[in-house]
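Numbers here simply count residues along the sequence, with the first being 1. Any value given below was found using the heavy atoms of this structure, including those in side chains, with hydrogens, waters and symmetry copies removed.
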Amino acid sequence: MASLGAPQLLGAAARCPASNLRKQLACRPAPRAQITVGHRRASLLVPRTASEQQTAPATSSPSSSVEEDLMQQLAELQAENDRLKAELASIRTSGPAAAAAAAASAIAGAAAAVVGSAAKVLEPPATAGTEAFMRQLEQGVAWPSPGTKFWEAPARSSPMPVDVGGGSSSVQPRDSRSLDVVHFTAELAPIAKVGGLGDVVHGLARTCLARGHNVTVIMPFYECLPQDQIEGLGFDMDIEVPKGKSWDGEIQLTTLKTAVYRGVIGGVPVILVRPADWDACNLFRGGRIYGGSYNELESYLYFCRAGLEYLRCSGQQPHILHLHEWQTCAAALLYWEVYSALGLYRPRVVLTIHNLDNTGECRQDEFAFTGIDGEQFATIERALDERTIGHNPERLNLMKGGMVYSNAVTTVSPTYAKEVLSGMQAGWLRSTLMRPEVNSKVRGILNGIDVEEWGQHTSPTTPARTALSHRWLFLTVYMQVRGILNGIDVEEWDPARDELLPANFSAQFPDGKALCKKYLQRGLGLDESPDKPVVAVITRLVPQKGIHLIKAALFRCLDKGAQFVLLGSGHCDGEFKAMAEQQFKDHKDIRLLVMYSESLAHQIYAAADIILVPSMFEPCGLTQMIGMRYGAVPVVRKTGGLADTVRDVDSHAPGEANGYTFDGTDEGSLHGALDRALTHFKEQRASWTELSATNMNTELSWSRSSADYVALYNSIAMP
């Protein structure tokens with residue numbers, strides 16, 4: 001590895017003190033202030049604010065010699081403080097000039113004392129890429145024991161002894177126009193997260209807030225939410241929400257008293273809604289977000305009505321209602337058919353399709369859980385599920401209705417938008433999107449439209465049914481389908497500042513990644529070899545993710561002398577459980593972890609040389625982007641967002657290429673891409689290191705994506 005010079009060593013206080021002081025220090029590099037003494041500078045640790053402090057569990061104690069040195073420094077500083085107090089008392093009666101001279105002398109003396117004290121404890125800076133530098137990085141690592149849940153314990157017993165630089169800035173440009181945006185969602189990271197949906201909504205909302213917009217997320221108040229993690233949680237109001245309920249085989253229309261709460265989750269303002277009396281119904285009850293003890297269809301239909309009713313009762317007029325997935329699609333139908341005539345006139349509706357694998361089927365009578373009859377939507381032009389024509393009963397499809405009634409529709413990557421519009425990923429909705437009068441105009445909108453020909457969006461006084469009076473007019477004229485690529489939270493996923501890692505690293509100082517690999521290998525009981533590439537799969541184990549290709553990759557790694565680590569679970573995990581407990585139990589190169597842990601995911605990303613994502617379809621995919629952020633090289637099937645984010649080494653110039661891709665769904669196609677990556681790692685290590693650094697430097701944040709969404713909002717928003 002080429003020499004990168006020496007990163008700056010932290011001050012003496014960065015080493016862990018005795019256990020009684022450890023609680024006052026955070027196990028990560030602290031910001032520094034600098035005191036100038038002549039032409040020399042001394043780096044001093046600046047105390048953290050209360051919000052920045054964290055408690056480091058006492059696992060491994062530092063050596064007694066370090067403890068004695070630190071206690072001696074504390075005594076010296078206390079003595080110096082007493083001396084300064086005495087000097088101050090002696091000059092209180094002196095003139096200003098004498099006081100200034102004494103103060104300058106005291107500051108210089110204190111700075112010199114700190115410099116001398118630091119010199120007694122710190123080792124000389126080592127050059128990055130050398131064995132001496134690696135020894136410095138290893139100071140304070142709490143090396144794990146195989147067979148333990150090491151990811152549940154701190155990876156370090158003391159802070160990083162060096163600052164590897166890097167880090168992320170959350171500074172966003174301020175937009176000239178401030179919009180009021182309300183998201184409707186079933187998930188929100190970090191506390192109501194099942195898949196990527198929660199990450200996307202949180203990342204987009206937080207970035208738009210930073211751009212100067214007023215953003216609120218409305219979501220269900222699930223019984224399982226950890227309330228202690230909701231900042232400022234408080235009651236807002238009670239509202240009466242129209243709702244149908246099932247009684248003796250029929251749906252009866254009534255109202256349900258609903259409690260509305262406010263709070264902040266992960267820096268994002270939220271509105272949480274739930275029945276005021278949970279004993280009277282079981283909506284959103286149970287120990288999980290999905291699959292609890294409640295009827296999901298009934299609950300989300302009620303949620304859509306409750307969210308709109310809250311906006312009406314509170315007098316809000318947001319510019320944008322941004323809906324996510326089938327769970328919130330009914331809000332688009334209810335807004336245009338009910339609430340736009342009840343004074344809620346300003347919002348325009350954006351629907352983001354995160355995954356068309358589930359589109360939300362609904363009987364007409366079940367739609368009455370919203371408080372209105374579903375019969376009015378049972379036409380091909382609106383929300384009728386065309387697969388059920390002639391059936392008894394015919395059904396509605398909420399995703400289709402959401403697409404028809406939204407002013408703009410986005411998918412989470414440009415390629416997935418193309419796949420949806422072409423019918424490849426639209427499933428049965430292909431018959432809708434491939435109508436000549438629909439498809440041609442949607443494609444025209446994707447390429448830009450003549451705004452003089454098509455005019456502006458419906459005015460507040462124009463009933464929604466007028467826009468729907470001609471077949472698919474609402475879809476073809478007012479709906480714009482486009483793909484906007486997701487970003488990732490580069491503050492949460494930051495190898496230079498990640499507190500879950502045994503060592504931090506960056507593109508400038510990548511040495512810590514090798515230490516993270518060694519740490520994971522030891523903790524999982526794998527062969528500790530830097531020359532064996534670690535191929536990681538972090539995924540839900542469901543058919544979409546390419547189960548047969550994951551298994552094929554496992555055995556290919558075995559044949560090629562690579563290591564394979566799987567982290568994930570799902571309804572297709574049975575075979576992996578069996579292999580983990582039998583064929584590959586205690587194997588030195590294979591570890592199958594049929595579970596999920598956020599902290600372990602961080603450590604696997606940091607250790608991985610290759611991140612594998614062989615999905616059958618992938619609307620966007622965050623795994624490959626997080627992997628690149630941590631210096632891994634992605635091997636992906638070329639579909640959806642994977643095709644948009646990964647550029648093959650063998651078909652792109654250095655600096656542009658970032659991974660390996662394949663097109664087919666067969667094992668041979670996977671083998672070809674994986675073999676190329678493994679060969680690159682083993683035979684061109686210097687080139688591989690450069691590729692890893694390129695990936696760490698790739699712009700993957702929400703900055704560009706949020707700008708695209710803001711532009712979309714402005715294109716449809718009313719003044």
Side-chain angles (χ1 to χ4, degrees), residues 51 178-194 197-243 255-281 283-286 289 292 294 299-324 327-328 331 334-335 339 342-344 346-347 349-350 489 713:
S51 62
S178 179
L179 297 171
D180 296 325
V181 181
V182 174
H183 292 266
F184 279 45
T185 181
E187 297 182 33
L188 182 67
I191 67 171
K193 171 184 171 181
V194 175
L197 171 61
D199 289 309
V200 170
V201 177
H202 181 261
L204 176 59
R206 195 167 72 168
T207 307
C208 286
L209 280 166
R211 298 179 73 98
H213 301 282
N214 300 313
V215 182
T216 303
V217 172
I218 300 181
M219 62 177 291
F221 198 153
Y222 298 103
E223 184 181 33
C224 64
L225 289 185
Q227 297 185 24
D228 61 336
Q229 297 182 38
I230 305 174
E231 182 181 348
L233 178 62
F235 174 77
D236 189 0
M237 65 171 67
D238 281 332
I239 56 176
E240 293 291 337
V241 176
K243 185 185 180 302
T255 61
L256 179 62
K257 186 176 181 180
T258 296
V260 181
Y261 295 81
R262 286 183 175 274
V264 177
I265 296 176
V268 176
V270 296
I271 294 295
L272 303 166
V273 298
R274 68 168 179 82
D277 183 5
W278 253 337
D279 293 332
C281 62
L283 301 179
F284 302 121
R285 304 208 60 177
I289 301 297
Y294 61 90
S299 296
Y300 290 118
L301 290 173
Y302 154 75
F303 164 66
C304 291
R305 186 69 191 256
L308 291 169
E309 188 66 19
Y310 165 74
L311 292 176
R312 185 187 73 82
C313 292
S314 60
Q316 298 184 48
Q317 293 286 351
H319 293 95
I320 299 294
L321 296 180
H322 195 152
L323 313 180
H324 299 269
Q327 292 96 334
T328 67
L334 293 170
Y335 171 66
Y339 284 91
L342 294 178
L344 188 62
R346 190 167 75 168
V349 182
V350 175
D489 188 332
Y713 294 161

Minimum-distance pair of heavy atoms, taken over all atoms of Phe235 and Ala259: CE1-CB, 4.3 Å

Any heavy-atom pair between the side chains of Tyr300 and Phe184 that's under 4.5 Å? no

Answer yes or no: is there a donor N or O on one side and an acceptor on the other, between the side chain of Glu187 and the main chain of Lys193, under 3.5 Å? no

Which pair of heavy atoms, one from His213 and one from Leu209, lies closest together, and at what distance? O-CD2, 3.5 Å

Are Leu334 and Cys304 close enough that some pair of their side-chain heavy atoms sits under 4.5 Å apart? yes

Mind checking the CG-CG spacing from Leu321 to Leu308? Nearest 0.5 Å is all I need. 6.5 Å

Quick check against the 3.5 Å criterion: does Tyr222 have a side-chain atom that pairs as donor or acceptor with the backbone of Ala186? yes

Does a sphere of radius 6.0 Å around CD in Gln317 hold more than 12 heavy atoms from other residues, nucleotides or ligands, not counting ones at 6.0 Å or beyond? yes

Any chance you could measure Asp180, atom CG, to Arg346, atom CZ, to the nearest 0.5 Å? 5.5 Å

Sorted by chain and residue number, the side-chain hydrogen bond (donor to acceptor under 3.5 Å, both in side chains) partners of Asp238 (sequence neighbours excluded) come out as none

Phe303 ring center near Phe221 ring center (under 6.0 Å): no

Taking all non-hydrogen atoms of both residues, which atom of Ile239 and which atom of Ala306 are closest, and how far apart? CD1-O, 3.8 Å

So how far is it from Asp279 CG to Arg285 CZ, rounded to the nearest 0.5 Å? 6.0 Å

In residues 260-270, what donor-acceptor pairs under 3.5 Å come from side-chain atoms, sequence neighbours left out?
unit_1, atom_1, unit_2, atom_2, d
Tyr261, OH, Arg274, NH2, 3.2
Arg262, NE, Asp236, OD2, 3.0
Arg262, NH2, Tyr310, OH, 2.9

Report the C-alpha distance between Leu283 and Leu256 in whole Å, list the side-chain angles of each, state the deciding distance to 0.1 Å, and finish with yes or no for side chain to side chain contact (heavy atoms under 4.5 Å, CB included). CA-CA 11 Å; Leu283 301 179; Leu256 179 62; 3.9 Å; yes

Ring-plane angle category for Tyr713 and His322, please: parallel below 30°, perpendicular beyond 60°, tilted otherwise. perpendicular

Please assess Val217 against Arg206 for the test side chain to side chain contact (heavy atoms under 4.5 Å, CB included), listing each intermediate value before the final yes or no. CA-CA 10 Å; Val217 172; Arg206 195 167 72 168; over 6 Å; no

What closest approach, in Å, do Met219 and Ala192 show between heavy atoms, and which atom pair accounts for it? CE-CB, 3.5 Å

Which atom names give the shortest non-hydrogen contact between Ala189 and His202, and what distance separates them? O-CD2, 3.1 Å

Tyr335 versus Pro347, closest heavy-atom pair with distance: OH-O, 2.8 Å

Sub-4.5 Å side-chain heavy-atom contact between Lys243 and Arg305: no

What verdict does the side chain to side chain contact (heavy atoms under 4.5 Å, CB included) test give for Val273 and Val241, after you've listed the backbone C-alpha separation in whole Å, the side-chain angles of each residue and the deciding distance to 0.1 Å? CA-CA 11 Å; Val273 298; Val241 176; over 6 Å; no

side-chain hydrogen bond (donor to acceptor under 3.5 Å, both in side chains) partners of Glu309, counting only residues at least two apart: Arg312, Tyr339

Side chain proximity check, Leu225 to Leu272, heavy atoms < 4.5 angstrom: yes

For a 4.5 angstrom cut-off between non-hydrogen side-chain atoms, does Gln227 reach Ile191? no

Nearest-0.5 Å distance, CG of residue Asp489 to CG of residue Leu204: 12.0 Å

What's the spacing between Thr216 OG1 and His183 NE2 if we round to 0.5 Å? 9.0 Å

